Amino acid sequence: MFAVMVTAAALFAAVSLMAVSKAPGGAPQPGDGQADEPGMNWGRFRAAWEIPEFRRVVRFAVWQTLSLGALGGFAINYAKEYLGTAGDGMVLLFSAGNLAAAMAAGWIAGRWLDRTGSRPVLRCSCWAFVAIALAWLACALGKARFGHGEMAILFAAQGMA
């Protein structure tokens, strides 16, 4: 079952990578200066949905979310069941490292995003995520066995990606 979860995560990551490769690049355009009204503006959403680039970004976000969820579930189950010594406290530390790395990634990538836009950053992130998914796949297939140190590194790398 773990191999199925990791394979699904890798497939979702590959699909999201294809979607982001078709997203338009360039600097963000300035807004019209009007403040948004509170609440959901369905008319503006429908108008945005008519734009193919917007739909691509939404599809990318959905595939990315599905792949992250599948991989995260596998990683936690692996840590608890196959490491043996990883109790809830250790898994919580791994997850905290994942969150800390994700927060650091925003700070690190901020200037890069400002200079290049999101497309190159997303592409790099997706390729890193594919590499991480392959590492977990090797683990699920029994080709690799990670200890606490490797688990901490993978959780942090996953957060950065």
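Remember, it's a predicted structure, so these values are computed and weren't measured experimentally.
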Shared ILVMFWY cluster between M151 and L141, side chains joined below 4.5 angstrom? yes

Gap between atom CG of L122 and atom OG1 of T116 - 0.5 Å precision: 9.5 Å

Please lay out, stage by stage, how L99 and M103 fare under the test side-chain contact (heavy atoms from CB on, under 4.5 Å). CA-CA 6 Å; L99 177 61; M103 292 170 64; 4.1 Å; yes

Examine F146 and I153 and state if one hydrophobic cluster contains both, with Ile, Leu, Val, Met, Phe, Trp and Tyr joined whenever side-chain heavy atoms are less than 4.5 Å apart. no

Tell me, with the steps shown, if L154 and F94 meet side-chain contact (heavy atoms from CB on, under 4.5 Å). CA-CA 9 Å; L154 274 174; F94 290 152; over 6 Å; no

Applying side-chain contact (heavy atoms from CB on, under 4.5 Å) to N98 and M160, what does each step give before you reach the verdict? CA-CA 8 Å; N98 181 293; M160 286 290 266; over 6 Å; no

Hey, does the side chain of E150 reach the backbone of G147 with a donor-acceptor pair shorter than 3.5 angstrom? yes

If I compare all heavy atoms of C126 with all of F60, which pair ends up nearest, and what's the gap? SG-CE1, 3.5 Å

Single-linkage hydrophobic cluster V130~W136, side-chain heavy atoms < 4.5 angstrom: yes

Check whether any side-chain N or O of S125 sits under 3.5 Å from a backbone N or O of V121 as a donor-acceptor pair, and report yes or no. no

If you count heavy atoms of other groups shown closer than 6.0 angstrom to CH2 of W49, is the number above 12? yes

What closest approach, in Å, do A101 and A156 show between heavy atoms, and which atom pair accounts for it? CB-O, 3.1 Å

Linked, directly or transitively: L134 and I132 (ILVMFWY side chains, under 4.5 Å): yes

